[in-house]
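Throughout, protein chains are lettered first and strands after them, A, B, ... in sequence-line order, and every chain is numbered starting at 1.
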2 protein chains.
Amino acid sequence: MSNGFELPLRLLMAFRVLIDALHEELAAQGHSDMRPMHGFVLQAIARGADSAAALGRTLGVSKQAAGKTIETLEGLGYVTRVPDPADSRRKTVVLTDFGVDALRRSAEVFDELRSRWARELGAERLDDLEESLRQMTPGDLFRLDVPGWFG
Amino acid sequence: MSNGFELPLRLLMAFRVLIDALHEELAAQGHSDMRPMHGFVLQAIARGADSAAALGRTLGVSKQAAGKTIETLEGLGYVTRVPDPADSRRKTVVLTDFGVDALRRSAEVFDELRSRWARELGAERLDDLEESLRQMTPGDLFRLDVPGWFG
DNA sequence: TAAGATGGACAATGTCGTTGTCCATATAGT
DNA sequence: ACTATATGGACAACGACATTGTCCATCTTA
């Protein structure tokens with residue numbers, strides 16, 4: 001098929017290919033409990049969404065849902081919650097060493113995956129592909145209220 | 001950031017941009033009840049996954065889940081179930097006129113969206129992008145067991 | 001200082017997936 | 001032909017995960 005149906009499907013499949021490869025590798029490196037969503041959440045936290053309410057806003061979900069996600073991540077050892085001295089209502093979410101490790105390894109694996117693509121496609125074509133996508137998508141990454149969006 | 005993190009994110013965002021645009025347009029054309037998943041399911045049905053069990057296999061979910069999805073789609077008027085004369089266990093899932101209409105309009109909108117991208121990026125760059133994605137993803141479309149995969 | 005906004009937690013609910021089970025019907029092996 | 005197995009569909013119980021509503025403590029602002 002050379003019609004418009006293929007483009008979105010290929011975009012989704014390409015995303016899945018990368019994410020699946022990432023998590024296969026992460027699992028082999030000691031992060032087998034990490035789910036696709038967790039990476040995005042850890043990223044969001046590392047970038048400043050360090051409370052349940054803030055995380056909820058960033059991810060586009062309710063603060064209750066964000067709170068539960070944080071609880072899960074805490075149970076897996078990726079984050080801890082520490083009281084905020086400046087605002088005793090808040091509990092600041094902090095990445096543990098394990099969480100930082102997961103993020104660091106994710107970045108490494110993504111870099112490796114990108115290199116693999118560059119080898120297969122040619123660096124120039126890949127750069128062009130990325131530039132095209134950049135041109136057709138909103139500038140701000142991380143307005144990805146993925147959960148539930150599909151249903 | 002010029003690191004490997006951006007590529008998967010842009011792929012996902014590009015997918016979302018297209019799907020959101022599609023459903024905005026579909027809603028304006030009388031299909032406001034249709035959710036992103038429904039399009040994929042209708043596609044799968046039209047391509048031959050015309051029973052609960054077959055649909056489940058195609059989508060990568062249980063036959064029970066597929067059955068419930070069909071029920072939902074039936075409630076929305078997109079499909080009906082007719083007994084199979086050749087196999088009295090089966091109930092063949094058939095697209096209604098309304099369902100066919102949704103699919104036809106989806107195809108049209110996707111074509112329009114692709115044309116828009118071609119205008120913005122240049123036809124050649126878009127063809128090249130699509131070809132690159134084709135090269136990096138499995139050949140068979142529709143092994144997209146999307147539901148639940150992300151969690 | 002009083003009024004409103006905000007952060008976090010608890011509860012009830014809804015949706016949607018799962019597994020387990022059951023039954024009717026097809027299909028295959030002997 | 002007959003029996004064993006596989007398959008299609010439905011019902012039930014359960015779990016994951018989101019939602020809204022409510023409540024309270026605390027911060028902010030008028």
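- Contacts of A:Ser62 with the nucleic acid, taken as non-hydrogen atoms under 4.0 Å apart, include base atoms.
- Note: B:Arg134 CZ to A:Arg10 CZ = 6.0 Å, rounded to the nearest 0.5 Å.
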Intermediate values then yes/no, side-chain contact (heavy atoms from CB on, under 4.5 Å), B:Ser106 and B:Gln43: CA-CA 10 Å; B:Ser106 292; B:Gln43 273 287 323; over 6 Å; no
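- Along DNA chain D, the nucleotide nearest A:Asp87 and the nucleotide nearest A:Thr72 are compared for position; the residue whose nucleotide lies closer to the 5' end is A:Thr72.
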Does the salt bridge (Lys or Arg N to Asp or Glu O under 4.0 Å) test come out yes or no for A:Asp101 and A:Arg104, once each step is laid out? CA-CA 5 Å; A:Asp101 180 72; A:Arg104 189 179 52 75; 2.9 Å; yes
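- The aromatic rings of A:Phe98 and A:Tyr78 sit parallel to each other, their planes meeting at less than 30°, with 60° as the upper class boundary.
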Reading 5' to 3' through nucleotides 9-16 of chain D, protein heavy-atom contacts under 4.0 Å coded B for base, S for sugar-phosphate only, - for none: BBB-----
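- Defined by atom type and a distance below 3.5 Å, a donor-acceptor pair is present between the side-chain atoms of B:Gln29 and B:Glu25.
- The closest side-chain heavy-atom distance from B:Val17 to A:Pro138 is below 4.5 Å.
- Axis angle between the ends of the helix from C:dT1-D:dA30 to C:dT30-D:dA1, five pairs each and rounded to 10 degrees, works out to 30°.
- The two residues A:Thr58 and A:Ala44 make their nearest non-hydrogen contact at CG2-CB, 4.1 Å.
- If you measure from atom CG of B:Leu76 to atom P of C:dT15, you get 13 Å, rounded to the nearest angstrom.
- Spacing between atom CG of A:Asp84 and atom P of D:dC27 amounts to 9 Å, rounded to whole angstrom units.
- Hydrophobic clustering, defined by side-chain heavy atoms of Ile, Leu, Val, Met, Phe, Trp and Tyr closer than 4.5 Å, groups A:Val82 together with A:Val94.
- Distances shown here put a side-chain N or O of A:Ser88 below 4.0 Å from the OP1 or OP2 atom of D:dC27.
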